[in-house]
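Only this structure's heavy atoms are used, side chains among them; waters, hydrogens and symmetry mates stay out. Every chain is numbered from 1 and lettered A, B, ... according to where its sequence line falls, protein lines coming before strand lines.
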2 protein chains.
Amino acid sequence: MGITDRKEREKQEMRKLIINAAMEMFITEGFDKTSIRNIADKIEYSPATIYLYYKDKDELLYEVQGQAFLELYNAFLKDVTATDPLERLDQLLHSYVNFGFEHPDLYDLMFILRSPMKATEENGWPNCDEAYHYLTGTLETCIDQLRYENAHIAALSIWALGHGLVSLFIRERIKVMHLPDDQVRNVVKATVDDHLRLIKK
Amino acid sequence: MGITDRKEREKQEMRKLIINAAMEMFITEGFDKTSIRNIADKIEYSPATIYLYYKDKDELLYEVQGQAFLELYNAFLKDVTATDPLERLDQLLHSYVNFGFEHPDLYDLMFILRSPMKATEENGWPNCDEAYHYLTGTLETCIDQLRYENAHIAALSIWALGHGLVSLFIRERIKVMHLPDDQVRNVVKATVDDHLRLIKK
DNA sequence: AAACTTACTAAACAGTGTTCAGTAAATAAA
DNA sequence: TTTATTTACTGAACACTGTTTAGTAAGTTT
């Protein structure tokens, strides 16, 4: 039946329309400051319509986060170009931290905002495992050249360092270090480099 | 004039009453889910009264954060008991991470929530510099026994690792590692220990 | 052409942070 | 002691928020 097909297609297009508007506003205005009414205005529908396609505002967040994890994964693909495993690890961590500094609002959504209910129900987000496995996969190829006790600790340590640096910056806690504004990015980069140096055999 | 003294005292008592109620509710219910009306109900005053003592909800947050930094500082004083500088550094990082796991809601307020306006205006929070200098001070005494390039990098690296671990846990992102629930705390501890091992000469 | 289904919305509900006019009590001045 | 003034407080309102529901108009099927 062609009509049901078209209906289904239109439904998916509507979902996309909503998500695209939501994503743009979440990034430019922030999640909290974006209201359902704002999104509805943008796409020229009534607020109630959004609830016909998504359960609540949290589900909108969940969907946008999934999109964002794909963008992070694509950043990895773009930045991690070396063949040497250790060099790939360097590029990966730099890519992660760079993503956070280049897209702070997106990073905020993905890693700092409270997890939406659906993420706990579904055991994660779309595209999130792929991004995480990029790290564990890279580590597997060079874990014997690293000083870490095991691969779990290696993954967590590297992720925690990267996430710590980015989130201390985004949430402005790094300011208590009283570094000159134009030096922050450099010190963070140097910290990443130093960490990468210390973990190698 | 005794009356103005008493008035001033009463004013400070009222501020304390409000802050104590706010802190308790921020911790048990979370900042977002605590409304000015909730706080007002708790202390049996009208919501408008709170605005006679604090500019807005953000200033309430700022004040509670100041209190919380003092509690962190006191945790340091309690936990960092060794005399050997390197051992003190170990104890300090463990104390920090432990504070985050023991008081996740307090930690959330202090390090994960967006910075209130007043923190940028006043260049930080009450008691925050003291807590931070506990780290830099400890590092000064053993920086020559560490492999870090310099003290700035050492401080940022250690803080970022600790903060990364705690905040990945609190905001539930650590779940993508698919560790058994009862193992998370152990793996985090092991990661801290491993990091402390790797940074030493 | 009538019956049914789908897509949508206006309006309402219960909540939020915040402001302001008005009141009652405490203090100061007469 | 009485009057004037200052202080401390609040009820009600404003402009928002996420979300639900009853009702409508158009599209589709019979």
Within residues 176-190 of chain B or reaching into it, pairs that qualify as side-chain hydrogen bond (donor to acceptor under 3.5 Å, both in side chains) - sequence neighbours excluded: B:Asn98-B:Arg185
Side-chain donor/acceptor pairs under 3.5 Å, residues 67-79 of chain B, sequence neighbours excluded:
from: B:Asn74; atom 1: ND2; to: B:Leu70; atom 2: O; distance (Å): 3.4
from: B:Asp79; atom 1: OD2; to: B:Ser95; atom 2: OG; distance (Å): 2.8

Sequence neighbours excluded - ring-ring contact (aromatic ring centres under 6.0 Å, His included) pairs with any residue from residues 7-41 of chain B: B:Phe26-B:Phe31
Going by the ring-ring contact (aromatic ring centres under 6.0 Å, His included) test, which pairs reach into residues 37-58 of chain B, not counting sequence neighbours?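 Not a single pair qualifies under ring-ring contact (aromatic ring centres under 6.0 Å, His included).
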Sequence neighbours excluded and cut-off under 3.5 Å, please list the side-chain donor-acceptor pairs for residues 129-136 of chain A, or say none.
from: A:His133; atom 1: ND1; to: A:Asp129; atom 2: O; distance (Å): 3.1
from: A:Tyr134; atom 1: OH; to: A:Arg88; atom 2: NH2; distance (Å): 3.4
from: A:Thr136; atom 1: OG1; to: A:His133; atom 2: O; distance (Å): 3.2

Tell me every residue that passes side chain to side chain contact (heavy atoms under 4.5 Å, CB included) with B:Gln145, counting only those two or more places apart in sequence or in another chain.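 Expected list: B:Leu86, B:Cys142.
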Under 3.5 Å, which protein N or O atoms sit close to an N or O of nucleotides 4-8 of chain C? Give each pair with its distance.
from: C:dC8; atom 1: OP2; to: A:Tyr53; atom 2: OH; distance (Å): 2.5

Got a list of side-chain donor-acceptor pairs under 3.5 Å for residues 115-123 of chain A, not counting sequence neighbours?
from: A:Ser115; atom 1: OG; to: B:Arg171; atom 2: O; distance (Å): 3.1
from: A:Ser115; atom 1: OG; to: B:Arg173; atom 2: NH1; distance (Å): 3.1
from: A:Thr120; atom 1: OG1; to: A:Met117; atom 2: O; distance (Å): 2.6

Atom-pair distance (CD on B:Gln12; P on D:dA8), nearest Å: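 Rounding to the nearest Å, CD of B:Gln12 and P of D:dA8 are 12 Å apart.
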Between C1' on D:dC9 and CD1 on B:Ile18, what's the gap in Å once rounded to a whole number?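 For the pair B:Ile18 CD1 and D:dC9 C1', the rounded distance is 12 Å.
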Are A:His103 and A:Phe99 an aromatic pair, judged by ring center distance below 6.0 Å?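 So the answer is yes for these two rings.
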Give each protein N/O atom lying under 3.5 Å from an N/O atom of nucleotides 16-21 of chain D, with the pair distance.
from: D:dT17; atom 1: OP1; to: A:Ser35; atom 2: OG; distance (Å): 2.9
from: D:dG18; atom 1: OP1; to: A:Thr34; atom 2: O; distance (Å): 3.4
from: D:dG18; atom 1: OP1; to: A:Ile36; atom 2: N; distance (Å): 3.3
from: D:dG18; atom 1: OP1; to: A:Lys57; atom 2: NZ; distance (Å): 3.2
from: D:dG18; atom 1: OP2; to: A:Ile36; atom 2: N; distance (Å): 2.9
from: D:dG18; atom 1: N7; to: A:Arg37; atom 2: NH1; distance (Å): 2.8
from: D:dG18; atom 1: O6; to: A:Arg37; atom 2: NH2; distance (Å): 3.0
from: D:dT19; atom 1: OP2; to: A:Tyr51; atom 2: OH; distance (Å): 2.7
from: D:dT19; atom 1: OP2; to: A:Lys57; atom 2: N; distance (Å): 2.9
from: D:dT19; atom 1: O5'; to: A:Tyr51; atom 2: OH; distance (Å): 3.3
from: D:dT19; atom 1: O4; to: A:Arg37; atom 2: NH2; distance (Å): 3.4

